[in-house]
Amino acid sequence: MKNKHTAYIGIGSNLNEPIQQVELALIELQNLVDTSLVKRSTLYRSFPLGSANQPDYINAVAVLNTDLSTIELLNQLQAIENKQGRVRSGEKWGPRTLDLDILLYDNQQIETERLSIPHPGIYERAFVLYPLYECVPDLILPNGQKVYDLLKQFTSTKS
Ligand code: ROI
């Protein structure tokens with residue numbers, strides 16, 4: 001029997017019909033070898049983080065059950081990005097047709113040249129935390145933080 005892992009994938013696009021880009025990416029994720037799509041969020045429109053001089057993003061999160069290792073999964077995600085016309089311009093926080101990030105992989109914490117898991121943006125990006133919360137409301141990150149608690153930074157209440 002194979003080793004099944006749970007991977008959370010962040011999906012983002014702000015070029016060339018972003019909604020279709022994200023929906024197509026979800027189909028590609030569904031078709032990945034040795035992998036099943038367990039859950040997907042709805043689509044979220046968000047203001048660009050980074051250069052403000054770019055279109056709004058469409059963001060979503062997918063939950064995968066996979067036999068792929070982190071590196072195998074990363075290679076597969078980059079192949080999907082490339083297939084959907086991703087051009088690596090060198091501009092760090094510029095627009096992109098498709099961005100697929102491994103947000104979480106089981107409860108693992110990984111720091112290598114190619115991979116930082118959990119994804120470093122997970123703690124403070126509304127466009128990641130809201131769709132994550134939609135998929136798994138009681139999700140706890142490897143450092144013990146609850147996604148629900150992290151979401152509170154985006155809301156305020158009158159006292
Ligand atoms: N901004 C938003 N809103 N959504 C993204 O997915 C996204 N991805 C990026 C940068 C350029 C940091 N900004 C983003 O890579």
Side-chain angles (χ1 to χ4, degrees), residues 6-32 35 37-64 66 68 70-105 108-137 139 141-143 145-156:
T6 304
Y8 294 79
I9 311 300
I11 308 169
S13 170
N14 74 339
L15 288 180
N16 301 347
E17 307 291 343
I19 292 176
Q20 274 106 305
Q21 296 289 346
V22 171
E23 290 294 347
L24 183 57
L26 282 159
I27 293 169
E28 295 285 351
L29 291 174
Q30 202 165 358
N31 291 336
L32 272 185
T35 300
L37 178 70
V38 176
K39 199 151 191 164
R40 59 156 288 180
S41 73
T42 54
L43 303 182
Y44 291 72
R45 182 178 296 276
S46 61
F47 291 117
L49 174 70
S51 166
N53 189 21
Q54 57 178 320
D56 285 354
Y57 278 79
I58 298 297
N59 286 108
V61 162
V63 187
L64 305 180
T66 187
L68 301 176
T70 51
I71 288 296
E72 287 169 335
L73 184 57
L74 179 64
N75 288 337
Q76 294 286 341
L77 297 183
Q78 290 186 346
I80 298 172
E81 288 175 344
N82 293 339
K83 201 162 143 187
Q84 288 184 225
R86 169 85 176 254
V87 177
R88 290 176 195 275
S89 69
E91 189 189 347
K92 191 171 175 228
W93 281 13
R96 59 269 322 269
T97 49
L98 183 63
D99 197 13
L100 296 173
D101 292 328
I102 304 177
L103 303 171
L104 297 165
Y105 186 91
Q108 293 187 27
Q109 295 178 293
I110 298 168
E111 281 299 331
T112 65
E113 205 162 306
R114 286 187 70 197
L115 274 176
S116 292
I117 301 176
H119 189 284
I122 203 174
Y123 306 98
E124 61 200 21
R125 295 183 175 178
F127 62 81
V128 173
L129 289 168
Y130 277 100
L132 255 187
Y133 178 77
E134 182 190 345
C135 289
V136 186
L139 187 63
L141 302 182
N143 70 359
Q145 279 183 304
K146 294 178 180 158
V147 165
Y148 175 75
D149 288 334
L150 285 164
L151 272 179
K152 290 177 187 163
Q153 67 191 293
F154 309 114
T155 61
S156 62

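Note that these values count all heavy atoms, side chains included, but never hydrogens, waters or copies made by symmetry. Ligands are counted one by one from 1 in listed order, and the atoms in each one are counted from 1 as well.
Relative ring orientation between Phe127 and Tyr57 is described as parallel, the plane-to-plane angle staying below 30° on a 0-90° scale split at 30° and 60°.
Ranking protein heavy atoms by distance to atom 8 (N) of ligand 1, first place goes to Tyr57 CE2, 3.8 Å. The closest protein non-hydrogen atom to atom 13 (N) of ligand 1 is Leu49 O, 2.8 Å.
In terms of modelled atom types and a separation under 3.5 Å, the side chain of Glu124 and the main chain of Gln153 share no donor-acceptor contact. The backbone N or O of Ile58 sits nowhere less than 3.5 Å from a side-chain atom of Asn14 that would complete a donor-acceptor pair. Looking at Gln145, its side chain never comes within 3.5 Å of a backbone N or O of Leu150 through a donor-acceptor pair. A side-chain donor-acceptor contact under 3.5 Å links Glu134 to the backbone of Thr42.
The atoms of ligand 1 that sit less than 4.0 Å from any heavy atom of Asn59 are 2 (C), 3 (N), 4 (N), 5 (C), 6 (O). Remark: ligand 1 atoms within the under-4.0 Å shell around heavy atoms of Pro48 are 1 (N), 3 (N). Short contacts between ligand 1 and Phe47, defined as distances under 4.0 Å to a heavy atom of the residue, involve ligand atoms 2 (C), 3 (N). Annotation for ligand 1: atoms under 4.0 Å from non-hydrogen atoms of Trp93 are 11 (C), 12 (C).
One option in Ser46, Ala60, Ala126, Pro18 has a heavy atom closer to atom 3 (N) of ligand 1 than any other, and that option is Ser46.
The line from CD of Gln21 to CZ of Arg96 is 13.0 Å long, rounded to the nearest 0.5 Å.
Taking only nitrogen or oxygen atoms, main chain and side chain alike, Arg96 reaches within less than 3.5 Å of ligand 1. For Gly50, no nitrogen or oxygen atom sits less than 3.5 Å from a nitrogen or oxygen atom of ligand 1, counting backbone and side chain alike.
Residue-level proximity to ligand 1 for Asn14 is absent, since no heavy atom of it falls below 4.0 angstrom.
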Practice prompt. Decide yes or no on side-chain contact (heavy atoms from CB on, under 4.5 Å) for Ile122 and Leu132, but give the supporting numbers first.
Written response: CA-CA 9 Å; Ile122 203 174; Leu132 255 187; 3.8 Å; yes
